[in-house]
Amino acid sequence: MTTDRYRPQFHFTPLRNWMNDPNGLVYFDDEYHLFYQYNPYDTVWGHMHWGHAVSPDLVHWHHLPIALHEEMDTGITMFSGSAVVDWQNMSGFGNPGHPPIIAIYTGDHRPAPLEDIHIAYSTDHGKSFIKYADNPVIDVGNPKFGDPKVFWHKRTAKWIMVNILGHEQGCVVLYSSTDFRNWTYLSRFEAPDVAPAIWECPDLFPLAVDSDPGDVRWVLKINNTDPAGQQTWYFVGDFDGTTFASESTAEEAVGRDYGEIYAEMTYNGIPAADGRRILIGWVRQKPSEDRAWTGAQSIPRVLTLRTGDRGLVVCQTPVGEMERLRQEHHHWESVTLPEMSPESAPRLIGGEMEIKAEFEAGDARDIGLRLQMSAGGWARIGYSATDGRLFVDQENGKRVDAPYSLTGRVLKVHVFIDHNLIEVFAGDGETVITTSLAPDPLCETVEVYTEGGTAQLIALDAWRLASALESTQ
Ligand code: FRU
């Protein structure tokens with residue numbers, strides 16, 4: 001018997017069955033589209049389709065019917081890809097004044113080990129898609145070739161496609177087109193100094209350094225299936241319309257979200273007046289008999305590029321729209337830890353919360369937040385001065401951590417708790433941990449804690465968050 005007891009209230013989850021990568025993130029006519037890798041038959045991976053949801057604000061999502069179905073006759077399933085609005089109808093798939101949405105995706109052939117690039121278009125705002133009759137539009141005869149991210153490159157007036165190629169030493173290959181049907185090979189990007197591994201889900205986009213519009217870099221994001229743990233890497237460099245050249249080495253390019261997040265993708269079509277680079281990632285989960293679904297999408301985040309102590313850092317912060325869910329507010333300041341009376345000790349009750357906390361680390365060995373879980377166990381979101389790491393750990397021994405150096409002995413964290421899903425943004429978002437507490441306990445109370453010394457809670461703001469679920473859920 002499965003129940004909805006463990007359903008996160010403000011993370012997107014499928015109503016039932018398996019979900020992995022976000023696909024086709026595109027904003028069009030006041031709607032944020034979220035397509036996703038979806039198995040409509042089971043809570044485990046398989047039979048990839050593109051599921052679909054839309055949102056007016058990146059917070060409240062409305063479930064829609066499946067957008068792309070697997071092909072029973074050809075044995076092709078719908079792997080990851082992207083979507084764009086073809087404003088000038090360069091594809092000819094739209095009608096005057098009515099641009100089409102074009103989905104560009106990986107066709108995965110079974111049983112043949114082959115992947116190629118397919119396109120499909122929608123002339124009804126993404127409600128339904130028609131697959132192009134002459135698919136595939138690119139076939140290089142490789143079993144691992146795809147996850148196309150397509151975007152409009154203004155200076156060369158071309159559509160650019162960034163793909164992954166290769167099973168052993170993954171690399172990125174770039175193509176361009178002016179009609180979506182014909183693609184010209186441009187270049188390839190490799191990182192020879194990294195251990196051979198499959199790369200997946202590339203993305204390429206410009207970001208201004210420290211918000212200076214006169215100093216723009218291009219960021220190449222890839223996922224790496226390193227056996228040591230699936231990761232996300234960001235390479236910072238330049239893209240001249242043909243070639244991406246990285247300024248950073250693979251060592252410096254290690255992802256800044258150290259948790260169970262993967263296959264992140266940024267939105268196409270965000271209006272210039274908004275100008276944000278918005279990213280969503282898949283929060284990996286194992287199937288559980290207690291849930292009717294598997295997998296969640298992260299809180300949408302804004303990416304920025306900042307100058308840190310060791311060079312440029314891709315930072316992630318939750319989109320401001322999340323504030324729409326804020327309910328009762330609690331505030332504490334200037335509390336010495338651990339010397340608190342029960343009355344002065346910050347204590348929050350509930351399973352859906354946003355917390356912004358600032359600690360002066362003092363001589364404490366450990367500081368942070370302690371969560372009491374419904375099943376009786378505990379979890380902690382903390383900073384360990386002993387080894388300089390930010391961490392989320394649990395009574396059952398599960399620990400996710402990240403190297404982190406405090407600025408002036410001050411720890412600043414922005415935390416979202418959604419039943420058992422935890423997102424921690426430290427500092428200005430230069431280090432992030434997204435994780436799920438296992439096996440599906442629910443958070444009941446949160447307190448601050450310190451161990452091995454004293455510390456000062458400079459300030460703590462907390463809000464109970466409203467549910468963002470549709471009333472049918
Ligand atoms: C990443 C990935 C992609 C692929 C899809 C299949 O999680 O393996 O490379 O297109 O998932 O579901």
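Read the numbers this way: they start at 1 and go in the same order the structure lists the ligands and their atoms. Side-chain atoms are counted along with the backbone in the values below, which use heavy atoms only and exclude waters and symmetry mates. Index from 1, following the sequence.
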Number the atoms of ligand 1 from 1 as they appear, then name those within less than 4.0 Å of a heavy atom of [X], with their elements.
X	answer
K144	9 (O)
Q37	5 (C), 6 (C), 12 (O)
E200	1 (C), 2 (C), 3 (C), 7 (O), 8 (O), 9 (O)
Y262	1 (C), 7 (O)
M48	12 (O)
W45	6 (C), 12 (O)

Requested in this report: Answer yes if the side chains of S467 and Q9 hold a donor-acceptor pair under 3.5 Å, and no otherwise.
Outcome: yes
Report task. Taking atom types as modelled, find out whether D179 and S177 have a side-chain donor-acceptor pair closer than 3.5 angstrom. Result -> yes
Query raised in the report: For S80, is at least one N or O under 3.5 Å away from an N or O on ligand 1?
Result: yes
Report task. Output yes when the distance from some N or O of ligand 1 to some N or O of D147 is under 3.5 Å, and no in every other case. Result ->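 Yes: some nitrogen or oxygen of D147 is under 3.5 Å from one in ligand 1.
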Between [X] and [Y], is the ring centre distance below 6.0 Å?
X	Y	answer
W218	F239	yes
H63	F12	yes
F35	F129	yes

Query - For ligand 1, the portion of H47 having any non-hydrogen atom under 4.0 Å away - result: neither
Report task. Mind checking whether N223 contacts ligand 1 via backbone (N, CA, C, O), side chain (CB onward), both or neither, at a 4.0 Å heavy-atom cut-off? Result ->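 For N223, no heavy atom sits under 4.0 Å from ligand 1.
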Query - ligand 1 contact by E115, heavy-atom criterion under 4.0 angstrom - result: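 No; E115 lies far enough from ligand 1 that no heavy-atom distance drops under 4.0 Å.
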Report summary line: Exactly one of L204, N268, I104, V84 clears side chain to side chain contact (heavy atoms under 4.5 Å, CB included) with K149, and that residue is N268
Requested in this report: Specify whether Y32 and Y27 have parallel, tilted or perpendicular ring planes, treating 30° as the upper limit for parallel and 60° as the lower limit for perpendicular.
Outcome: tilted
Report task. Kindly confirm or rule out a cation-pi arrangement of R181 over F93, judged by NZ or CZ under 6.0 Å from the six-membered ring centre and within 45° of its axis? Result ->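 Yes - R181 lies over the ring of F93, closer than 6.0 Å to its centre and within 45° of its axis.
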Report task. Distance to 0.1 Å, residue and atom name: give those for the protein heavy atom nearest to atom 7 (O) of ligand 1. Result ->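 Nearest protein contact, heavy atoms only, for atom 7 (O) of ligand 1 is D21 OD1, 2.7 Å.
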